[in-house]
Amino acid sequence: MRKLISIISLSIITLVPLKADEGMWLIQNINSALEKKMQERGLALSAGEIYNADAPGSSVSDAIVSLGFYCTGSIVSDNGLMITNHHCAYSDIYAMSTPEHNYLEEGYWAVTEDLEKPVPGKEAFFLKRVLDVTAEVERLRSEYEASGQVLGSRKMSYLMEKKYKADTGMEAFLSSMWAGEKYYISLYEVYTDLRLVAAPPVSVAAFGGDVDNWEWPQQKCDFAMYRIYTAPDGSPADYSGDNVPLRPLRRLEISLEGYKPGDFTMVIGYPGRTDRYSSSMETDFEERVALPIANKLRIRQMSIMKKWMESDSGIWLKYSDTYFGLSNVGEMQEGEAACLKRFGSADAKRAEEAGLQVWIDSDPYRMAKWGSLLHDLDSCYSASEEVERNKTYYRETLVRGTIIVRTMMRMNAARGDYAKMREALDRGMSETDPRVEKELLQYAVQQYFENVDSRFFGSFQKELLSRFGQDYGAMTDYVWERTCVASAEAAAEFASPEQFASDRLRMLLLEVPITAFNNDSRNNEYRQAILNLQREYTRALYEKRLADGVEQYPDANSTMRISYGTVGPIAPRDGVQCHWQSFSSGIEQKYDPSQRDYCPSDRFMGMIRNGEWGRWSECGGQHKKGRAHRGNAGPHPGKMPVNFLTDNDITGGNSGSPVLDSRGRLIGLAFDGNKESLASDLSYTPGYNKCVCVDIRYVLWTLDHYAGMSRIIDELGL
């Protein structure tokens, strides 16, 4: 569920066009050149109508919120109604669900205001202003250096954020761009009383499940709605029965006019992280080593979970949230490795680095500063690869290979406090199933011992290997027979911190501190050197592109960004052309009652087959059984447009971002990327990066016809 990013430097005057619509541009840095380029593509707004903290009134960006900087939402009513993706609300819906009321499977519809469910811990961040504080940061760093002190990035952030929070009364976050070339403070108003209003069943919201994830075409109704509440005076406040709906500064207007190929689109949101300034050495390591290891292990871990989930509805409820996240990350990384190889990303970076070296060599100052930069990076990656490979296996087996390891970590972190250990144990047992965990553990144990160099084994691990050799089933049985998480009975018998000290699962998992992997000669030095060299690499590349007059945007880092593009099709492979839109007929074609991912309820499927779309269809009239009514034949009679493609540049964190037309009106929500775009966190591939969006009309039909949420339709002013 993915991608978007870009920023424009105020100092750039001469602009060289980028291919396609690459770029997640900082919202506050839409200068005249970028504004003109967007307007040439079809934008009907000015830059000031998109973001302008100094002008009276509001701008489009005032309606966009960050949900804890992991997803994006937007305000769509004058009463604080917010829309985002269902997969952004998945954990909240999961936490509310019980065997009696499984809202993941049933959906949740607050047909009256009093049914809107509070969501503890949910936060909505409204961006109020972004300040360029580069000069201030440099001045503060110079003051520390003059006094002989070191000012690290964490302390810098603490000092700057504390100052601006005190000065403004708002939450303040310091962001570094291009490894410290620029620094910005973002100021936010934060609301903490959010309540769930609407969420379709997962069978509708995530139709096609992880099978269709990253694919095209898709037919997902990936949306959920919350309402933001405030104190009676309109200020942010924690949950209270006295709170009232937010009166927002701005809401998005919804368009029912639809779209066509070539139509302008923009996406505004909070992309989480990209690494497009990564070196060819880093890209090569990810492609050859890190990603293949993680992908191989996660595929098997997922198959173990899925087998148990399909056999028991109780296990499905316990593991669905974990499986959902694992499948999304797993598919993303599998596709990333394939795309890095297919599109020759490392080779493309090597070609750019050849030009970078020539540019460095052409100037004595640059030679003194960066002359050996690329050689040193390559040497450090080569020297540290073996240890890093072992660390990856360790991390993906004993650290991430089971879910119950979280419980062991929490108990260990309690440092002998029995009450806290008991609480962690009870929580862990309620969240997992011992049968699933034992099978996951056996697979993790096998992969760990078969792939990690024995010099990194802990004493208990060496004892296990000596006793059981390659009989990993017997090894797992031995560990499992004396651990407090083996069963409900074993957990009930846990009586003291001393008992935990001899817990065999704790000994297996935790008596191998990660520092053991750094005992190899100079590995710590290599890793630190790589971090330092990568920062210099980013700065050198930034300076060269600046000198060449190339448009630049910094890597995504959860700051508000805008990307622009157009609606359009994709040709993913030779001889294959894919349409830019999918329809309700695709749901009928894929429907399979034997597969959970393709099996919405009979009621939902009946409505899809009946085809009464009302005013929400592409034609704005009613279609029934393929016959157009009210004289609206349209291009696709009898079908509802459900998903569509644009070439907006997005990434994780953009999930739920509004897809806006040329006038800033809401036409859909970004919820996914395509498989061919999965290398784009490291390397953008023009022509292949697509943003998969849910059509707002399909969302409205689901609210209106399927859920009967007429009060929400009225509230939206439709």
Side-chain angles (χ1 to χ4, degrees), residues 1-4 18-22 206-220 222 259-263 265 274 276 283-284 286-288 291-292 294-296 298-299 327-351 563 565-583 585-587 589-590 592 595 597-598 636 641-652 654 659 670-695:
M1 324 297 186
R2 347 272 346 151
K3 314 173 174 42
L4 159 181
L18 286 174
K19 300 174 184 177
D21 292 301
E22 176 183 354
F207 179 79
D210 60 297
V211 179
D212 278 3
N213 194 27
W214 306 110
E215 299 290 346
W216 181 257
Q218 296 192 51
Q219 295 84 15
K220 290 179 169 60
D222 197 346
Y259 42 82
K260 63 184 183 301
D263 279 357
T265 55
T274 57
R276 292 183 184 174
T283 304
D284 178 68
E286 291 294 318
E287 178 187 331
R288 288 188 304 100
L291 290 172
N295 294 339
K296 178 188 75 171
R298 287 175 183 173
I299 287 171
S327 65
N328 188 48
V329 172
E331 284 194 75
M332 179 192 73
Q333 293 189 339
E334 184 180 2
E336 184 177 13
C339 287
L340 288 173
K341 182 177 182 179
R342 174 185 174 183
F343 298 122
S345 299
D347 286 340
K349 288 178 178 287
R350 289 187 189 101
S563 75
T566 55
V567 175
I570 185 173
R573 297 175 301 281
D574 180 48
V576 178
Q577 284 278 347
C578 293
H579 199 265
W580 47 275
Q581 196 173 27
S582 65
F583 299 91
S585 53
I587 300 173
Q589 294 163 10
K590 292 180 178 179
D592 184 348
Q595 295 190 59
D597 287 340
Y598 295 99
H636 299 284
V642 294
N643 294 165
F644 64 99
L645 290 177
T646 75
D647 57 6
N648 290 87
D649 193 2
I650 63 166
T651 193
N654 275 122
V659 183
F671 73 84
D672 204 359
N674 60 312
K675 182 166 288 186
E676 294 74 25
S677 73
L678 291 177
S680 65
D681 279 357
L682 289 169
S683 178
Y684 184 89
T685 309
Y688 287 95
N689 281 54
K690 292 290 181 177
C691 174
V692 185
C693 319
V694 58
D695 193 305

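Computed from heavy atoms alone, side chains included, the values below leave out hydrogens, waters and symmetry copies.
Here the CD atom belonging to Q219 is positioned 6.0 Å from the CZ atom belonging to F207, to the nearest 0.5 angstrom. For the atom pair OH of Y684 and CZ of F343, the computed distance is 11.5 Å after rounding to the nearest 0.5 Å. Here the straight-line distance linking atom SG of C693 with atom CZ of F644 works out to 4.0 Å at 0.5 Å rounding. Distance check, rounded to the nearest 0.5 Å: CG of D649 to CD of E22 gives 6.0 Å. A distance of 9.0 Å separates NZ of K675 from CG of N213, quoted to the nearest 0.5 Å.
Remark: the backbone N or O of S563 is paired with a side-chain donor or acceptor of N648 at under 3.5 angstrom. Judged by distance alone, the side chain of S683 and the main-chain N or O of S680 form no donor-acceptor pair under 3.5 Å.
Closest approach of C578 to W216, counting heavy atoms only: CB-CD1, 3.7 Å. E287 and A337 get closest at one heavy-atom pair: CG-O, 4.3 Å. Shown here for K590 and D212, the closest heavy-atom pair between the two residues is NZ-OD2, 2.9 Å. A pairwise comparison of heavy atoms in A679 and S345 identifies CB-OG, 4.3 Å as the closest pair. Of all heavy-atom pairs between L678 and C339, the closest is N-SG, 4.0 Å. Closest approach of G208 to Y598, counting heavy atoms only: CA-CE2, 3.5 Å.
With contacts defined as side-chain heavy-atom distances shorter than 4.5 Å, the pair L645/V692 qualifies. With contacts defined as side-chain heavy-atom distances shorter than 4.5 Å, the pair F583/P217 does not qualify. Contact of the E336 side chain with the L291 side chain is registered, since non-hydrogen atoms from C-beta on lie closer than 4.5 Å.
D597 pairs by the salt bridge (Lys or Arg N to Asp or Glu O under 4.0 Å) definition with nothing, not counting sequence neighbours. In this structure, the salt bridge (Lys or Arg N to Asp or Glu O under 4.0 Å) partners of K260, at least two apart in sequence or on a different chain, are D263. With sequence neighbours excluded, the residues that form a salt bridge (Lys or Arg N to Asp or Glu O under 4.0 Å) with R288 are D284, E385.
Residues E676 and K690 are not paired through a salt bridge, judged by the lack of any N-O separation under 4.0 Å between the basic side chain and the carboxylate. Comment: D347 does not engage K341 in a salt bridge, judged by the lack of any side-chain N to carboxylate O separation of less than 4.0 angstrom.
For the residue pair D672 / Q218, a side-chain donor-acceptor distance below 3.5 Å is found, with atom types taken as modelled. In the model, D681 has no side-chain atom that pairs as donor or acceptor with a side-chain atom of T274 under 3.5 Å.
Classification of the W580-Y259 ring pair by plane angle, with boundaries at 30° and 60°, yields perpendicular.
For the side-chain contact (heavy atoms from CB on, under 4.5 Å) criterion with I570, the lone passing option out of V576, N689, N674, D647 is N674. Screening V694, T265, D695 for a side-chain contact (heavy atoms from CB on, under 4.5 Å) involving V659 leaves a single residue, T265.
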